[in-house]
Amino acid sequence: MYLITDLIVVFIYFVLPMLLLFSFFYWFWFKKYRSKSKSISLIKEASKYLLVVYFVYIAYFCWFSYGIPSESLKYNLIPFHTIWSYIKEIQIGMIRGVALWNLLGNILLSVPFGLLVKLIFRKATFKKVFFSSVIFSIVIEFGQFVLFFTHISNRTVDIDDVILNTLGGMLGYYLGNVFWSYADGIKSRITQVQSQECK
């Protein structure tokens, strides 16, 4: 119940203003610079707005929701250290819910990023989405690092979060590929039906 309330409050006070601001500048650019010969893809345009919504929620929950108070910054710079500790906890049944939530949660957190990037930039390659996901994840962790010292947020900085977030971004990339393949299949069948009707 608390999460739903939080989502609604963030949407009203942060998401809606950002969408309005994005719409103003985006359509100003769209009208002035976009080639009139290019067709508009509703999927790509809708994905751009969803990406703005996603960024706002990510910023709020990863940076500005305070977390458990701590006097010192908790961090891990050893790759797979936290991941392996969670796996061992799951194996012996300790803190299973917390371990699963941190492993799966960090993966699922960035799935929309990879998916939306692939929907917006259809020709984006594996390598480009991979590096975009890495940079996106590092920005999240670096933001948590900076905000800790400004006493705005209190989060753990962990290299394993970057690994898991990147994995989620790549999962989103593959889902985007599946979507475009499915969309192409539907478009191809519609074209075939229309050509048969013309005959």
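Note: hydrogens, waters and symmetry copies are ignored here, and every other heavy atom, side chains too, is used.
At most 12 non-hydrogen atoms from other residues, nucleotides or ligands lie less than 6.0 angstrom from OH of Y13. Counting heavy-atom neighbours within 6.0 Å of F14 CZ, excluding the residue itself, gives a total of 12 or less.
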*Taking it one step at a time, do I58 and F136 satisfy side-chain contact (heavy atoms from CB on, under 4.5 Å)?*
CA-CA 11 Å; I58 285 293; F136 172 66; 4.2 Å; yes
*For Y60 and V15, what are the C-alpha separation, side-chain angles and deciding distance, and is it a side-chain contact (heavy atoms from CB on, under 4.5 Å)?*
CA-CA 10 Å; Y60 177 78; V15 173; over 6 Å; no
*Report the C-alpha distance between I8 and I4 in whole Å, list the side-chain angles of each, state the deciding distance to 0.1 Å, and finish with yes or no for side-chain contact (heavy atoms from CB on, under 4.5 Å).*
CA-CA 6 Å; I8 294 171; I4 295 174; 4.0 Å; yes
*asked:* Please determine whether side-chain contact (heavy atoms from CB on, under 4.5 Å) holds for the pair E89 and Y86, giving the CA-CA distance in whole Å, both sets of side-chain angles, and the decisive distance to 0.1 Å.
replied: CA-CA 5 Å; E89 287 175 4; Y86 282 144; 3.6 Å; yes
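The side-chain heavy atoms of Q144 and F148, taken from C-beta on, include no pair separated by under 4.5 Å. Counting heavy atoms from C-beta on, the side chains of F113 and S137 never come closer than 4.5 Å. Side-chain contact between T156 and Y75 is absent, with no heavy-atom pair separated by less than 4.5 Å. Between S110 and Y54 there is a side-chain heavy-atom pair separated by less than 4.5 Å.
A single hydrophobic cluster is not seen to contain both V178 and L167; linkage of ILVMFWY side chains at heavy-atom distances under 4.5 Å, directly or through other members, places them apart. Residues L51 and L20 fall into different hydrophobic clusters, defined by Ile, Leu, Val, Met, Phe, Trp and Tyr side chains chained together at heavy-atom separations under 4.5 Å.
The minimum heavy-atom distance linking S133 with G169 is given by the pair OG-CA, 3.6 Å. What you find for F145 and F149 is that their closest heavy atoms are O-CD1, 3.1 Å. Counting all heavy atoms, side chain and backbone alike, A124 lies closest to V129 at CB-CG2, 3.8 Å. Heavy atoms only, all atoms of each residue included: S23 and Y49 are closest at OG-CE2, 3.0 Å. The shortest non-hydrogen separation linking L119 to K44 is O-CG, 3.2 Å.
Interatomic distance, CD1 of I12 versus CG of L7, reported as 11.0 Å (0.5 Å rounding). The CZ atom of F22 sits 10.5 Å away from the CZ atom of F55 when rounded to the nearest 0.5 Å. Put simply, CG on L16 and CZ on F11 are 4.0 Å apart, with the number rounded to the nearest 0.5 Å. If you take CD1 on I135 and CD1 on I140, they are separated by 12.5 Å, rounding to the nearest 0.5 Å. Atom SG of residue C62 and atom CD of residue E141 lie 8.0 Å apart, to the nearest 0.5 angstrom. To the nearest 0.5 Å, atoms OG (S47) and CG (L115) are separated by 7.0 Å.
With D160 as the partner, the side-chain contact (heavy atoms from CB on, under 4.5 Å) test is satisfied by one option alone out of N102, I78, I83: I83.
The main-chain N or O of L147 is found under 3.5 Å from a side-chain atom of T150 such that the two form a donor-acceptor pair. Using a distance-only test at 3.5 Å, with no hydrogens or angles considered, no donor-acceptor pair links the side chain of N106 to the main chain of N165.
Residue pairs meeting the ring pair (Phe, Tyr, Trp, His ring centres under 6.0 Å) criterion with at least one partner in residues 153-189, sequence neighbours excluded, are F126-Y173.
Side-chain atoms of Y26 and E45 form a donor-acceptor pair, as typed in the model, at a separation below 3.5 Å.
The pair R122-D184 meets the salt-bridge criterion, with a side-chain N (NZ, NE, NH1 or NH2) lying under 4.0 Å from an Asp/Glu carboxylate O.
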